[in-house]
Amino acid sequence: MFDLQSTSVVVTGGSKGIGRGIAAVFATAGANVTIAARSTAELDSAVADLETLGAGKVLGVQTDVADPAACAGLAAAAIDAFGGIDVVCANAGIFPDAPLATMTPAQLSEVLDVNVKGTVFIVQACLDALIGSGRGRVILTSSITGPITGFPGWSHYGASKSAQLGFMRTAAIELAPHGITVNAVLPGNIYTEGLYDKGPEYIAGMTAAIPAGVLGKPEDIGHLAAFLATVEAGYITGQAIAVDGGQVLPESPDAVRP
Ligand code: NAP
């Protein structure tokens, strides 16, 4: 059961943070993993680390997911290296602050281009290979922010993360006849590089809102992605699953630590 050895997996945003955690779980399970990001230095360092984890191979491909031609190049590189694509983790995303009152059209476009169009472009680029796999899997990294919660400065980001779920539901219907499932992981507060510099007070404030009492790890998202990628998860499609230590559950701060 749950065998992912030799599975060909593409992870966008796989050079750091949650994407790297997803790639690490697949690499540990013996999958062949293609990771994509814009910075080649970070890609190279991630490839070197990930290759030590399992029997599979790891490939890094410089890609801007907002560019459909670059997504096509990424898919071609993965097919060339590993003979096909079985799993696509559309994880690359950005979350710059922009309060609604001052948000510019360019700020709005940048977030929608990467988070929404980038999701659609990478799935389109890999589609023929996913169909060829006969058991294709698409796993989107959405967020609790947007689909369930809100946070000041992130109205554009929240809209983009909800838009991914709208895409997911129709894509799941269109692709079901090909044996492809399309699901989304909704991370809560995950301890990634972006948080390291924010200091202990900030981290403590975030942790206090989580019933589990700890921030999530990138691998926590990877474990759900890996399960959704298995043959055994083939009857699950169009679902959005929060991985958040119960963060969205409390009615008020008092509910967390009574
Ligand atoms: P991160 O640490 O900043 O990593 C983002 C990754 O995406 C990097 O590899 C980055 O590499 C890549 N990336 C960004 N823009 C890209 C583009 N245009 N084309 C290709 N790659 C691109 O972020 P993270 O916290 O891991 O977030 C990953 C995903 O999880 C995002 O979709 C985010 O919305 C979601 N999420 C995160 C949290 C959290 O707590 N961290 C919570 C909920 C949801 P380059 O910059 O080199 O391109």
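For ligands, and for the atoms within them, numbers begin at 1 and follow the listed sequence.
The protein non-hydrogen atom at the shortest distance from atom 20 (C) of ligand 1 is T63 O, 3.1 Å. Here the protein heavy atom with the shortest distance to atom 13 (N) of ligand 1 is A92 CB, 4.0 Å. Closest to atom 1 (P) of ligand 1, if we only count protein heavy atoms, is K16 CE, 4.2 Å. Scanning all protein heavy atoms for the shortest distance to atom 5 (C) of ligand 1 gives G93 O, 4.0 Å. Protein heavy atom in closest approach to atom 40 (O) of ligand 1: I190 N, 2.9 Å. Ranking the protein heavy atoms by distance from atom 12 (C) of ligand 1 puts G13 CA, 3.5 Å first. The protein atom (non-hydrogen) at minimum distance from atom 2 (O) of ligand 1 is G17 CA, 3.6 Å. Nearest non-hydrogen protein atom to atom 26 (O) of ligand 1 is I18 N, 2.7 Å.
At least one heavy atom of G188 sits closer than 4.0 Å to an atom of ligand 1. Residue-ligand proximity: N91 is placed with a non-hydrogen atom under 4.0 Å from ligand 1. Within the structure, ligand 1 has S142 among the residues with a heavy atom less than 4.0 angstrom away. Contact analysis puts Y157 in contact with ligand 1, with a non-hydrogen atom separation below 4.0 angstrom. For R20, the closest heavy-atom approach to ligand 1 does not fall below 4.0 Å.
Residue-ligand proximity, T141 to ligand 1, at heavy-atom distances under 4.0 Å covers atoms 29 (C), 30 (O), 32 (O), 35 (C). For ligand 1, the atoms closer than 4.0 angstrom to any heavy atom of S39 are 47 (O). The atoms of ligand 1 that sit less than 4.0 Å from any heavy atom of D64 are 17 (C), 18 (N), 19 (N). The distance from ligand 1 to the heavy atoms of K161 drops below 4.0 Å at these ligand atoms: 31 (C), 32 (O), 33 (C), 34 (O). Below 4.0 Å from some heavy atom of S15 lie the following atoms of ligand 1, by number and element: 8 (C), 9 (O), 11 (O).
Side-chain atoms of T7 come within 3.5 Å of backbone atoms of L4 as a donor-acceptor pair (strictly under, hydrogens ignored). No donor-acceptor distance shorter than 3.5 angstrom exists from the side chain of T63 to the backbone of L74, with no hydrogens or angles considered. For the pair T52 (side chain) and D49 (backbone), a donor-acceptor distance under 3.5 Å is present. At distances below 3.5 Å, at least one donor-acceptor pair connects side-chain atoms of N183 with backbone N or O atoms of G238. A donor-acceptor pair is defined here as one N or O able to donate and one able to accept, closer than 3.5 Å; no such pair exists between the side chain of K16 and the backbone of G21. Using a distance-only test at 3.5 Å, with no hydrogens or angles considered, a donor-acceptor pair links the side chain of S8 to the main chain of G84. Not a single donor-acceptor pair under 3.5 Å links the side chain of N91 to the backbone N or O of T141. With S162 contributing its side chain and A159 its backbone, the two residues share no donor-acceptor pair below 3.5 Å. Checked by atom type and distance alone, the side chain of E51 never pairs as donor or acceptor with a backbone atom of A48 at under 3.5 Å. With hydrogens and angles ignored, the 3.5 Å screen pairs no side-chain donor or acceptor of Q5 with any backbone N or O of A31.
Residue V65 has at least one N or O atom closer than 3.5 Å to an N or O atom of ligand 1. At a 3.5 angstrom cut-off on N or O pairs, N189 does not count as close to ligand 1.
Of the candidates I18, V25, T28, E219 forms a side chain to side chain contact (heavy atoms under 4.5 Å, CB included) with just one, namely V25.
Under a hydrophobic clustering in which Ile, Leu, Val, Met, Phe, Trp and Tyr are joined whenever their side-chain heavy atoms come within less than 4.5 Å, directly or via other members, F151 and Y157 fall into the same cluster.
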Take T40 and Q62, measure what side-chain hydrogen bond (donor to acceptor under 3.5 Å, both in side chains) needs, and give me the verdict at the end.
CA-CA 6 Å; T40 45; Q62 186 187 24; 5.1 Å; no

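Closest heavy-atom approach to atom 27 (O) of ligand 1 among the candidates F121, W154, F95: F95.
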